[in-house]
Amino acid sequence: MSTTAPTPIRECDRMACHSTPDPQVLVIGAGIAGLTAAFVLQQRGVSVRVLESTARVGGRMTTDLVGGRVIDRGAQFLSTGYPMLSSLVRRLGLSSEWVRTTPWTAVVREGRVIRFRYDDPLSSLWSGLLRPQEIWTLARQSLSALSTVRRPINDYGRWSDVDVTDAASWYDQQFGPWMTEYLVEPMLQGFYFQTPEETSCALPRAIAGFLTQGAQTSTLRGGIGRLPSALAQHLDVCLNQTVLAIEPQRNSVAIETQDGWIQAGRVILAIPAPQALQLLRSTSEAERLLLSTTYSSTLNLSLGLDGGWRPPDSLNDVYGLLIPRLERRRIAAVAFEKAKDPARTPNGHLVNVMVDGRSGAEMIAWDETRVLQEILQELDRWLPGASRAVEFHRLYRWERAEPRSPVGRANAIAHYRAVASTDQRLLLAGDYMSMPFTEGAAESGRWAAHRVLSYLGHDFG
């Protein structure tokens, strides 16, 4: 099939949100968490409406089509090991559009790009990434370190008992600094733009266990944004609706928008924590712990390169290149879209470049020309000649790229879910309410929807 951008959602009549009957549940935020929550409720016959402050659905899970090339603006991939999103893909009839990426990845060590297969744990052993003594230590310690592999990858609250120390301390002690610097740190910065010192060991331990289960990185033809767009087609979504305040009342919740007030029986608040905190005039202690979550920042620079440029041999068929802090200046990760899905860039190449969290916070306000010069200068070190082959570029600034996962966040989630009563009028959802990626966000939306369904007497198993 031809590669197309996601179908835009028709903007509803703004006043229609106020003239139609009040819904049983109002979902605020049309990212994957809010859309999943609304879809679960709608499929059970609950009347639900979604309010979104911007002109498109998907949040950080959105896609652009530029010059015939498909660009994922924020979230970059799915996985065959994501149970929630895999289920939604099947239910929405998108299974035929599911594409598995190449399994090859690469990490820089001592100036050398070293490639290996992420789906083959033994691959990193023979690739040259690890030294003989490091391989022995890894083998000796892995059995105990991976004892938690069977826990769910999408429910961060289930990892609360290992949410006890930061990742740098735990991996340094269990394996050695080499593990932190060349395996853990590149992953945390390349995916979440955060350091191992500021991140709980629960997050990389969960991901390490997940990778041992054979899940494969995947995407959708036409872009990752097709999934939230397909969800929204089944829902009552009102775009460009700014919520100003939320006031839980005795038997309902009052929501103030720029066009007036809406009443709903219940509200699922599925927006980033800092924005959610601004809307709530009172919060419980359990809510405050989570609403204080801060976010890391990054820039995603998408570069269209002409057909005459070729990647170095060490990066042939590699989807993702991770650059550790010992080796980089600003660039944490580079993704090659031909290896992700060849149909995304039928002519030439498409490369996505992401900077680390420190650089993201510093560069977020830079003008575009300065950003481009800074990144291209460093990129030429790993992709010789790339700066001379640029046909077009798109720069995406993500001030709130990923929720931080310091020690204590998994415990805060577990506590919130334990004390949240089934008759609670307002429930929190979003990536800060579970694992800090698309699958976790979707799981948090399902959890909130199930709490509502429990109160309404639905038996959902």
Side-chain angles (χ1 to χ4, degrees), residues 12 14-54 57 59 232 235-293 413 416-430 432-434 441 444-458 460:
C12 65
R14 280 170 47 176
M15 297 310 298
C17 286
H18 299 267
S19 60
T20 54
D22 291 333
Q24 289 175 276
V25 181
L26 190 73
V27 175
I28 300 173
I32 192 62
L35 293 172
T36 300
F39 185 73
V40 170
L41 292 168
Q42 186 263 352
Q43 293 292 295
R44 294 285 177 164
V46 177
S47 66
V48 58
R49 185 176 304 145
V50 182
L51 301 187
E52 168 56 40
S53 63
T54 70
V57 301
L235 301 169
D236 176 10
V237 179
C238 291
L239 300 176
N240 295 312
Q241 280 286 319
T242 301
V243 174
L244 304 176
I246 301 170
E247 293 187 1
Q249 299 174 338
R250 184 180 180 86
N251 296 312
S252 65
V253 183
I255 302 95
E256 183 184 8
T257 76
Q258 78 268 37
D259 296 316
W261 290 86
I262 303 173
Q263 296 287 131
R266 274 165 178 72
V267 165
I268 295 176
L269 187 54
I271 59 178
Q275 294 170 264
L277 183 59
Q278 291 178 354
L279 299 181
L280 298 175
R281 296 181 178 174
S282 64
T283 56
S284 68
E285 180 182 357
E287 289 170 336
R288 283 193 297 275
L289 279 173
L290 290 161
L291 291 170
S292 65
T293 300
I413 293 169
Y416 173 83
R417 293 190 178 191
V419 301
S421 60
T422 56
D423 63 347
Q424 194 161 309
R425 292 285 169 183
L426 184 140
L427 293 162
L428 303 177
Y432 73 100
M433 293 298 300
S434 192
S444 77
R446 179 185 62 178
W447 174 85
H450 280 183
R451 297 299 284 183
V452 173
L453 291 171
S454 292
Y455 174 77
L456 297 175
H458 288 250
F460 49 83

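Just so you know, residue 1 is the first one in the sequence shown, and it goes up from there. The figures here come from the full heavy-atom set of this structure, side chains too, leaving out hydrogens, waters and symmetry mates.
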Colleague: Tell me every residue that passes side-chain contact (heavy atoms from CB on, under 4.5 Å) with S292, counting only those two or more places apart in sequence or in another chain.
Modeller: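 Expected list: none.
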Colleague: By the salt bridge (Lys or Arg N to Asp or Glu O under 4.0 Å) test, which pairs, at least two apart or in different chains, include something from residues 272-284?
Modeller: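 Every pair satisfying salt bridge (Lys or Arg N to Asp or Glu O under 4.0 Å) with a residue in residues 272-284: E247-R281, E256-R281.
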Colleague: Tell me the closest heavy-atom pair linking L269 and A276, and the distance in Å.
Modeller: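 Nearest pair, atom of L269 first, then A276: CD2-CB, 3.6 Å.
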Colleague: Identify the two heavy atoms, one from A286 and one from V419, that lie closest to each other, and give their separation to 0.1 Å.
Modeller: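 For A286 and V419, the tightest heavy-atom pair comes out as CB-CG2, 4.0 Å.
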Colleague: Only counting residues at least two apart or in another chain, list the ones meeting side-chain contact (heavy atoms from CB on, under 4.5 Å) with L289.
Modeller: A412
Colleague: Does the pair R44 and L456 meet the rule for a side-chain contact (heavy atoms from CB on, under 4.5 Å), with working shown?
Modeller: CA-CA 11 Å; R44 294 285 177 164; L456 297 175; over 6 Å; no
Colleague: Donor-acceptor pairs are to be reported for all side-chain atoms of residues 27-40 against protein atoms at under 3.5 Å, with residues two or more places apart or in another chain.
Modeller:
{"residue": "T36", "atom": "OG1", "partner": "I32", "partner atom": "O", "Å": "2.7"}

Colleague: List for me each residue that meets salt bridge (Lys or Arg N to Asp or Glu O under 4.0 Å) alongside R425, sequence neighbours excluded, and say none if there are none.
Modeller: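 Per chain and number, R425 pairs via salt bridge (Lys or Arg N to Asp or Glu O under 4.0 Å) with no residue.
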Colleague: For residues V243 and I271, determine if any side-chain heavy atom of one lies less than 4.5 Å from a side-chain heavy atom of the other.
Modeller: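 Contact flag for V243/I271 side chains = no.
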Colleague: Please identify each residue that fulfils salt bridge (Lys or Arg N to Asp or Glu O under 4.0 Å) with E287, with sequence neighbours left out.
Modeller: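 Listed in chain order: nothing, the list is empty.
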Colleague: At their closest point, which heavy atom of S434 faces which heavy atom of I413, and how far apart are they?
Modeller: N-CD1, 3.6 Å
Colleague: Find out whether V48 and D236 are in side-chain contact, i.e. whether some heavy atom of one side chain is under 4.5 Å from a heavy atom of the other.
Modeller: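 Side chain of V48 against side chain of D236, heavy atoms only: no contact under 4.5 Å found.
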Colleague: Kindly give the heavy-atom pair with the smallest separation between I255 and V267, and that separation in Å.
Modeller: CD1-CG2, 3.7 Å
Colleague: Can you name the side-chain contact (heavy atoms from CB on, under 4.5 Å) partners of A273, sequence neighbours left out?
Modeller: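 Expected list: T293, Y295, Y432.
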Colleague: Output all residues satisfying side chain to side chain donor-acceptor pair (under 3.5 Å) with T54, sequence neighbours left out; order by chain, then residue number.
Modeller: E52
Colleague: My understanding is that only residues two or more places apart in sequence, or in another chain, count here; which of them pass side chain to side chain donor-acceptor pair (under 3.5 Å) with S444?
Modeller: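 In terms of side chain to side chain donor-acceptor pair (under 3.5 Å), with neighbours along the sequence ignored, S444 is linked to no residue.
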Colleague: Can you find a pair of side-chain heavy atoms, one from Q241 and one from V50, that are under 4.5 Å apart?
Modeller: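 No. Closest side-chain heavy atoms not under 4.5 Å.
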Colleague: Only counting residues at least two apart or in another chain, list the ones meeting side chain to side chain donor-acceptor pair (under 3.5 Å) with Q43.
Modeller: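 For Q43 the side chain to side chain donor-acceptor pair (under 3.5 Å) partners, ignoring immediate neighbours, are R91.
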Colleague: Between W447 and M433, is any pair of side-chain heavy atoms under 4.5 Å apart?
Modeller: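 No; the side chains remain at least 4.5 Å from each other.
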Colleague: Considering non-hydrogen atoms only, spot the tightest contact between G45 and Q24 and give its length.
Modeller: O-OE1, 4.2 Å
Colleague: What's the verdict on side-chain contact (heavy atoms from CB on, under 4.5 Å) for R417 and R451, showing C-alpha distance, side-chain angles and the deciding distance?
Modeller: CA-CA 10 Å; R417 293 190 178 191; R451 297 299 284 183; over 6 Å; no
Colleague: What heavy-atom pair brings L427 and A448 nearest, and what distance separates the two atoms?
Modeller: CD1-O, 3.5 Å
